[in-house]
Participant: 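Below are the structure tokens for one structure; questions will follow.
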Amino acid sequence: ISRNPDLSQKVQIIANGVDTNIFAPIDKTKARSKLGFPKSQKLAVFVGNFEERKGPYRFLNACEITGTKAAFLGSGEQNPSGEQVFFKGREPRERLKLWLAAADCFVLPSLSEGRSNAILEALAMGTPCVVSDRPFNSEFLSNDAAIMIDPNSIESIAKGMMLAMTEKQGERLSRAGRLIAESMSNSTRIENILSSMQQH
């Protein structure tokens with residue numbers, strides 16, 4: 001569209017959606033019990049490939065600053081390690097849901113993204129999100145639904161995490177994030193696709 005503005009009336013972008021029936025809030029205490037994670041310890045979760053673009057090391061450094069335990073769900077060339085790492089590895093969807101439910105916040109300091117499925121799933125679970133203040137996120141997220149941070153700044157990531165993990169902010173982000181996810185559900189996406197097909 002940027003190269004051919006005339007196409008703007010002919011091209012419709014229908015972004016990724018999330019299944020809000022599968023990804024839905026779960027009781028945090030029960031989730032932590034199933035995972036064997038302490039009730040009183042702060043937990044932040046990262047989901048994605050372990051690569052520089054996604055920022056797992058920046059996330060880990062922020063966890064070290066804030067004294068937060070980290071769960072890294074995924075795999076890749078980078079290898080986060082140290083006393084802040086509680087879990088690292090791939091998990092099936094049912095376990096992924098437990099980690100998101102157990103978390104005090106979800107963190108993804110990406111330098112570039114499409115419409116991140118991981119963020120949509122965290123929003124749908126009602127997990128407070130700390131994500132990059134970049135156009136790929138701000139086009140569908142606002143400060144009401146997520147803590148927007150500078151992905152290159154470990155200090156910014158750490159401050160965002162601390163803010164998201166406060167009870168008042170956490171509850172606000174959880175409610176607003178779930179509403180965003182519901183507006184971007186797979187059922188809504190299917191309706192948009194069918195509507196576009198009927199129009200053309």
Side-chain angles (χ1 to χ4, degrees), residues 1-5 7-26 44-49 51-56 58-59 62 73-74 93 96-97 99-101 103-153 156-157 159-161 163-166 168-197 199-200:
I1 292 173
S2 63
R3 294 177 183 175
N4 300 281
L7 291 178
S8 61
Q9 301 302 315
K10 300 179 181 180
V11 175
Q12 182 178 3
I13 299 173
I14 301 175
N16 295 351
V18 59
D19 192 328
T20 52
N21 293 315
I22 292 176
F23 289 93
I26 298 173
V45 170
F46 171 100
V47 180
N49 292 328
E51 59 186 39
E52 174 61 22
R53 177 176 64 86
K54 296 279 189 177
R58 296 190 296 277
F59 165 58
L73 307 181
R93 183 168 63 188
L96 167 63
K97 289 165 54 178
W99 284 111
L100 290 172
D104 294 290
C105 64
F106 165 87
V107 185
L108 190 62
S110 306
L111 302 179
S112 64
E113 285 284 349
R115 182 63 56 85
S116 169
N117 288 327
I119 293 176
L120 291 178
E121 291 163 359
L123 292 170
M125 292 296 298
T127 308
C129 290
V130 179
V131 299
S132 305
D133 188 6
R134 294 284 176 88
F136 53 80
N137 285 330
S138 59
E139 68 182 8
F140 74 101
L141 286 173
S142 67
N143 290 323
D144 292 331
I147 303 296
M148 312 295 278
I149 50 87
D150 176 357
N152 282 311
S153 168
S156 178
I157 299 167
K159 286 183 177 179
M161 289 171 57
L163 186 59
M165 290 189 293
T166 62
K168 184 176 181 180
Q169 289 286 359
E171 291 177 355
R172 177 183 66 81
L173 292 169
S174 179
R175 289 192 301 270
R178 177 66 187 180
L179 289 174
I180 291 285
E182 289 172 350
S183 74
M184 301 179 66
S185 67
N186 277 344
S187 59
T188 299
R189 185 171 188 256
I190 291 169
E191 290 173 4
N192 291 337
I193 292 171
L194 292 175
S195 175
S196 178
M197 292 171 63
Q199 290 173 15
H200 297 92

Participant: At what distance, to the nearest 0.5 angstrom, does CD1 of I147 lie from CG of D133?
Facilitator: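 One finds 11.0 Å between CD1 of I147 and CG of D133.
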Participant: Could you check whether any side-chain heavy atom of I22 comes within less than 4.5 Å of a side-chain heavy atom of K97, counting everything from C-beta outward?
Facilitator: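 A side-chain contact exists here, since the closest heavy-atom pair is under 4.5 Å.
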Participant: Donor-acceptor pair, distance only, cut-off 3.5 Å: does the side chain of R58 make one with the backbone of E52?
Facilitator: yes
Participant: Between atom OG of S132 and atom CG of N152, what is the distance when rounded to the nearest 0.5 Å?
Facilitator: 8.5 Å
Participant: Check whether any side-chain heavy atom of E113 sits under 4.5 Å from a side-chain heavy atom of K54, and report yes or no.
Facilitator: yes
Participant: Begin with the C-alpha distance, continue with both residues' side-chain angles, and end with the deciding distance and a verdict on side-chain contact (heavy atoms from CB on, under 4.5 Å) for L96 and F23.
Facilitator: CA-CA 10 Å; L96 167 63; F23 289 93; 4.2 Å; yes
Participant: Less than 4.5 Å apart, any side-chain heavy atom of M125 and any of I26?
Facilitator: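 Yes - at least one pair of side-chain heavy atoms lies under 4.5 Å apart.
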Participant: To the nearest 0.5 Å, what is the distance between NZ on K168 and CG on L173?
Facilitator: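 It comes to 12.0 Å.
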Participant: Can you confirm whether D19 sits close enough to R93 that some side-chain heavy atom of one is under 4.5 Å from a side-chain heavy atom of the other?
Facilitator: no
Participant: Do R172 and D144 come within less than 4.5 Å of each other through their side chains, counting heavy atoms only?
Facilitator: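 Yes - at least one pair of side-chain heavy atoms lies under 4.5 Å apart.
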Participant: Under a 4.5 Å cut-off applied to non-hydrogen side-chain atoms, are E121 and V47 in contact?
Facilitator: no
Participant: Please name all residues satisfying side-chain hydrogen bond (donor to acceptor under 3.5 Å, both in side chains) with R178, sequence neighbours left out, ordered by chain then number.
Facilitator: E182
Participant: Report the distance from atom CE of M161 to atom OG1 of T166, rounding to the nearest 0.5 Å.
Facilitator: 12.5 Å
Participant: Find the distance between CG (L141) and CD (E139) and round it off to the nearest 0.5 Å.
Facilitator: 9.0 Å
Participant: Any side-chain heavy atom of I119 sitting closer than 4.5 Å to one from N137?
Facilitator: yes
Participant: Would you call F59 and V130 a side-chain contact if the rule is heavy atoms closer than 4.5 Å?
Facilitator: no
Participant: Output the distance between atom NZ (K159) and atom CG (L163), rounded to the nearest 0.5 Å.
Facilitator: 11.0 Å
